Amino acid sequence: MEKYRLQRLFHPASQRALIVAIDHALFNNSAFLPGIENMKDSVAKVVEARADGVLLSAGEAPHLQRLPGRGKPGLLLRVDPANFYNNVAPVSRLHCRVYENAVEIALRMDAACILLNLLQIDDHPEMLNQCVENILRVKNDCDRYGMPMAVEPLSFKTSKDGYVGDGNPQRVTTLARMAAELGADLIKTDATEPEEEFHRVIEAASGVPVTVRGGSRASDREVLEHTERLVAQGVAGLIYGRNIIQHENPAAMTHALQAVLHHGKSAEEALELLKAD
């Protein structure tokens, strides 16, 4: 049953997924709010743009599921609030907590998949342990009720600006493999630096579809060229947030990314489509 639900997130032809992340405000960082102040409108824009999926928290998921029609994006449901994206860094006491009865909540929301963190943070080894405990708490319920479990393995290093993602290929690959070993049905991770090493992550995931998160705002050209390189490496999908929802034309950016992801267009061709949309 897990595979049947998971199919809701993937394009039927390309078998890749473009999922728009709108769960940012759950992490209590004001920098994540621009573009999603009005969640009802934000979700409606994603649905209108015909993204394959949308990543939402439990409190905001009803904005998606109240909308009528059969063609709306699949729901990827975040079930573990955390404070590692906090405005103040470094935060001395980090946490990542999973909802009680997370799978039951996901079933009531008619989610296609749930998402949990797997965080490796410099100077905070307790976070990895807490995330593993969260995954183990829900894995059996996921299997029992046919709810796919996505895992987000992220490695962070400390900088003057707080915790920043570490794209070191060895760290990304090792943590993605750990997610697969824990039973993930879908993986959401950072891209490697350089992207040309990302095939190592896909190989280590041993058949589990691997998607890449978007990260900080970048220019349209940077985002589309980054995407083109990831597609060449065999990525199963993109889970982009700010580079879509904070774009001046979120629908046009969605279509441009889908052109690369689903239809084999180059970044240059997608840029032309973006200008014309």
Side-chain angles (χ1 to χ4, degrees), residues 1-6 8-9 17 19-29 32-33 36 39-40 42-43 46 53-67 72-87 91 93-121 124 126-154 156 163 175 178-189 208 211 213 239 241 245:
M1 188 64 195
E2 291 94 338
K3 297 296 186 292
Y4 304 153
R5 281 186 176 272
L6 200 59
R8 298 185 198 174
L9 296 174
I19 300 169
V20 182
I22 326 182
D23 63 331
H24 300 75
L26 189 65
F27 300 109
N28 192 30
N29 187 330
F32 293 162
L33 279 174
I36 59 169
M39 282 296 287
K40 183 178 180 181
S42 297
V43 172
V46 172
V54 57
L55 170 57
L56 290 164
S57 63
E60 302 292 357
H63 290 301
L64 173 68
Q65 303 301 46
R66 286 191 193 110
L67 294 173
K72 59 190 174 186
L75 171 61
L76 178 58
L77 187 69
R78 168 74 69 182
V79 294
D80 57 346
N83 69 338
F84 65 98
Y85 286 123
N86 197 283
N87 285 348
V91 178
R93 299 186 66 179
L94 296 180
H95 70 256
C96 182
R97 300 188 174 99
V98 67
Y99 280 101
E100 293 293 333
N101 301 317
V103 174
E104 186 178 321
I105 293 169
L107 289 168
R108 287 201 300 266
M109 295 287 183
D110 194 28
C113 186
I114 64 170
L115 175 64
L116 297 100
N117 287 299
L118 183 62
L119 307 171
Q120 186 173 47
I121 302 175
H124 290 277
E126 73 279 3
M127 281 296 286
L128 186 62
N129 181 62
Q130 190 175 128
C131 290
V132 170
E133 288 181 350
N134 290 343
I135 292 168
L136 295 178
R137 282 180 62 188
V138 303
K139 173 60 178 168
N140 194 47
D141 282 347
C142 284
D143 290 344
R144 179 182 295 119
Y145 296 110
M147 176 59 64
M149 181 183 70
V151 175
E152 184 168 8
L154 300 177
F156 288 89
Y163 301 108
L175 207 56
M178 185 177 182
E181 298 279 358
L182 285 167
D185 298 295
L186 180 71
I187 292 172
K188 174 194 176 192
T189 189
V208 179
T211 64
R213 71 176 188 139
I239 304 182
I245 60 177

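Please read all numbers here as calculations on a predicted model, not as lab measurements.
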(request) Could you check Leu64, Val20, Leu115, Leu76 and say which one makes a side-chain contact (heavy atoms from CB on, under 4.5 Å) with Leu56? (result) Leu64

Hey, could you give me the [atom1]/[atom2] distance between [X] and [Y], rounded to the nearest 0.5 Å?
{"X": "Glu60", "Y": "His24", "atom1": "CD", "atom2": "NE2", "answer": "13.0 Å"}
{"X": "Ile36", "Y": "Ser42", "atom1": "CD1", "atom2": "OG", "answer": "6.5 Å"}
{"X": "Ile135", "Y": "Met178", "atom1": "CD1", "atom2": "CE", "answer": "7.5 Å"}
{"X": "Leu119", "Y": "Leu128", "atom1": "CG", "atom2": "CG", "answer": "8.0 Å"}
{"X": "Ile121", "Y": "Met127", "atom1": "CD1", "atom2": "CE", "answer": "4.5 Å"}
{"X": "Asp23", "Y": "Leu55", "atom1": "CG", "atom2": "CG", "answer": "3.5 Å"}

(request) Output all residues satisfying side-chain hydrogen bond (donor to acceptor under 3.5 Å, both in side chains) with Gln65, sequence neighbours left out; order by chain, then residue number. (result) none

(request) May I ask you to test the Leu186-Pro148 pair for a side-chain heavy-atom distance under 4.5 Å? (result) no

Taking all heavy atoms of [X] and all of [Y], pick out the closest pair and write down the distance.
{"X": "Met109", "Y": "Ala61", "result": "SD-CB, 4.0 Å"}
{"X": "Asn117", "Y": "Ala82", "result": "ND2-CB, 4.4 Å"}
{"X": "Leu107", "Y": "Arg5", "result": "CD2-NH2, 3.4 Å"}
{"X": "Asn134", "Y": "Leu116", "result": "O-CD2, 4.0 Å"}
{"X": "Ala58", "Y": "Ile105", "result": "CB-CG2, 4.2 Å"}
{"X": "Ala102", "Y": "Val79", "result": "CB-CB, 4.0 Å"}

Does [X] reach the main-chain N or O of [Y] with its side chain, forming a donor-acceptor pair under 3.5 Å?
{"X": "Asp80", "Y": "Cys96", "answer": "no"}
{"X": "Asp185", "Y": "Met149", "answer": "yes"}
{"X": "Lys188", "Y": "Ile239", "answer": "no"}

(message) With a 4.0 Å cut-off on N to O distance, would you call Glu100 and Arg137 a salt bridge?
(response) yes

(request) Output, in order, the C-alpha distance, side-chain angles, deciding distance and verdict of side-chain contact (heavy atoms from CB on, under 4.5 Å) for Arg144 and Asp141. (result) CA-CA 5 Å; Arg144 179 182 295 119; Asp141 282 347; 2.7 Å; yes

(request) Start with the C-alpha gap between Leu182 and Val151, add the side-chain angles, then the distance that decides, and say whether side-chain contact (heavy atoms from CB on, under 4.5 Å) holds. (result) CA-CA 9 Å; Leu182 285 167; Val151 175; 5.7 Å; no

(request) Determine, stepwise, if the pair Arg66 / Lys40 fulfils side-chain contact (heavy atoms from CB on, under 4.5 Å). (result) CA-CA 10 Å; Arg66 286 191 193 110; Lys40 183 178 180 181; over 6 Å; no

